[in-house]
Number of protein chains: 2
Amino acid sequence: MDKDTDKKLKSRNIKPTAMRELVLKVLTEQKTAISLPELEDKFVYADKSTLYRTLKTFEDKKLIHSIDDGSGAIRYAVCQDTCECNPDDLHVHFYCTSCKQTFCLNEISVPEINLPSGFSLKSVNMVVKGICINCR
Amino acid sequence: MDKDTDKKLKSRNIKPTAMRELVLKVLTEQKTAISLPELEDKFVYADKSTLYRTLKTFEDKKLIHSIDDGSGAIRYAVCQDTCECNPDDLHVHFYCTSCKQTFCLNEISVPEINLPSGFSLKSVNMVVKGICINCR
DNA sequence: AAAACTTTGCAACTCGGTTGCACCTGTTTT
DNA sequence: AAAACAGGTGCAACCGAGTTGCAAAGTTTT
Ligand SMILES: [Mn+2]
Ligand SMILES: [Mn+2]
Ligand SMILES: [Zn+2]
Ligand SMILES: [Zn+2]
């Protein structure tokens with residue numbers, strides 16, 4: 001139904017089903033990253049495994065990226081339009097230990113690291129923990 | 001029995017039991033960080049929950065630190081003698097996607113980040129993923 | 001319309017982590 | 001020395017996130 005949502009799916013080569021449109025819409029609404037269990041709560045009538053596979057598809061197609069914030073559940077957030085999830089696209093994430101929300105700090109890209117020789121870099125997960133602006 | 005192991009435990013205010021000495025010895029031997037399930041395999045006769053609580057105690061007392069490398073299991077490594085697990089003590093970790101080992105890059109401290117105003121920093125988990133020197 | 005393929009729902013399962021409780025062990029108090 | 005105590009250990013059960021096989025429902029191709 002939603003033209004924009006539909007376009008976004010197509011632009012990432014994802015067949016736009018009703019389920020996927022709904023999931024993408026919810027993901028887009030979020031101000032902070034959302035986990036599978038949290039998503040389940042928003043879709044009382046959709047199955048866990050369907051949501052799971054939807055997230056996997058979205059991630060494979062680089063519509064969303066995952067963040068391991070150490071909370072026990074992986075969280076997901078919609079990628080920037082230009083994002084290809086290359087090392088240069090990577091940004092820092094912030095996990096608030098008070099409200100347990102995870103923020104994409106899209107403006108802050110992960111600093112370059114000089115690895116010891118012999119080590120090659122594929123990606124980086126950088127999560128800063130502390131207190132967010134809403135909780136202080 | 002082991003004087004050094006014993007000293008190290010006492011220096012962190014941990015009562016040196018037989019179990020704890022054995023666990024610390026194994027941890028010290030590791031070249032890469034080790035997870036609870038991996039530790040279980042090395043102690044056929046010790047209980048999972050004992051090992052679990054031993055790790056927790058060690059971590060609380062800052063004898064070891066934990067690394068969430070995204071592999072699904074938290075890994076642990078012995079802290080440097082001087083380490084107090086403050087933000088300045090933090091270093092980068094490397095996870096090899098080939099051999100699935102996690103390395104402490106003790107020489108590489110995590111870069112400073114300028115958080116958006118209102119956000120305060122408590123700690124950082126920075127894991128670089130790629131191919132390690134042994135696997136390339 | 002039939003065949004081929006994709007998506008969804010259900011149910012079961014894996015695995016890392018966690019906890020309550022009883023027992024044991026070593027230490028302090030009487 | 002006996003009794004009381006504190007902390008450590010083992011067992012068993014549990015939780016929750018993630019994952020998978022399979023069949024039903026829905027789409028697309030022929
Ligand atoms: Mn992000
Ligand atoms: Mn380390
Ligand atoms: Zn917060
Ligand atoms: Zn390797």
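Order of the sequence lines fixes the chain letters, A, B, ..., with proteins taken first and strands second; residue numbering starts at 1 for each chain. As a basis for the values below, the full set of heavy atoms in this structure was taken, side chains included, without hydrogen atoms, waters or symmetry mates.
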For [X], all residues meeting side-chain hydrogen bond (donor to acceptor under 3.5 Å, both in side chains), sequence neighbours excluded:
X: B/Lys100; result: none
X: B/Ser11; result: none
X: A/Ser71; result: A/Asp69, A/Arg75

C/dG26 phosphate, OP1 or OP2, under 4.0 Å from B/Thr17 side-chain N/O: no
Rounded to whole angstroms, how far apart are [atom1] on [X] and [atom2] on [N]?
X: B/Arg20; N: D/dG10; atom1: CZ; atom2: P; value: 12 Å
X: A/Asp47; N: C/dC10; atom1: CG; atom2: C1'; value: 6 Å
X: B/Leu55; N: D/dG8; atom1: CG; atom2: C1'; value: 15 Å
X: B/Ile14; N: D/dG7; atom1: CD1; atom2: C1'; value: 14 Å
X: B/Met19; N: C/dT25; atom1: CE; atom2: C1'; value: 15 Å
X: A/Asn13; N: C/dT6; atom1: CG; atom2: P; value: 14 Å
X: B/Phe43; N: D/dG8; atom1: CZ; atom2: C1'; value: 15 Å
X: B/Leu22; N: D/dG10; atom1: CG; atom2: P; value: 11 Å

Scan nucleotides 14-19 of chain D against the protein and return all N/O pairs shorter than 3.5 Å with their distances rounded to 0.1 Å.
residue	atom	partner	partner atom	Å
D/dG18	OP1	A/Ile74	N	2.8
D/dG18	N7	A/Lys48	NZ	3.1
D/dG18	O6	A/Lys48	NZ	2.9
D/dT19	OP2	A/Tyr52	OH	2.7
D/dT19	O5'	A/Tyr52	OH	2.8

Exceeds 12 heavy-atom contacts within 6.0 angstrom, atom CD of A/Glu40: yes
Counting only heavy atoms not in B/Asn114 (residues, nucleotides, ligands), do more than 12 fall under 6.0 Å from its CG?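 Incorrect, the count does not exceed 12.
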The test is side-chain hydrogen bond (donor to acceptor under 3.5 Å, both in side chains); show your working for A/Glu21 and A/Thr5 and say whether it passes. CA-CA 6 Å; A/Glu21 283 170 8; A/Thr5 305; over 6 Å; no
For the residue pair A/His65 and A/His93, categorise the inter-ring angle as parallel (less than 30°), tilted (30 to 60°) or perpendicular (more than 60°).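 Aromatic pair A/His65/A/His93 classed tilted.
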Residues that, via side-chain heavy atoms closer than 4.5 angstrom, fall in one hydrophobic cluster with A/Ile67: A/Tyr95, A/Val127
How would you summarise protein contacts on nucleotides 22-30 of chain D per nucleotide, using B for base, S for sugar-phosphate only and - for none, with heavy-atom distances below 4.0 Å? ---------
With respect to A/Asp81, which candidate in A/Arg12, A/Lys7, A/Lys8 satisfies the salt bridge (Lys or Arg N to Asp or Glu O under 4.0 Å) definition?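 For A/Asp81, the salt bridge (Lys or Arg N to Asp or Glu O under 4.0 Å) test succeeds with only one of A/Arg12, A/Lys7, A/Lys8, which is A/Lys8.
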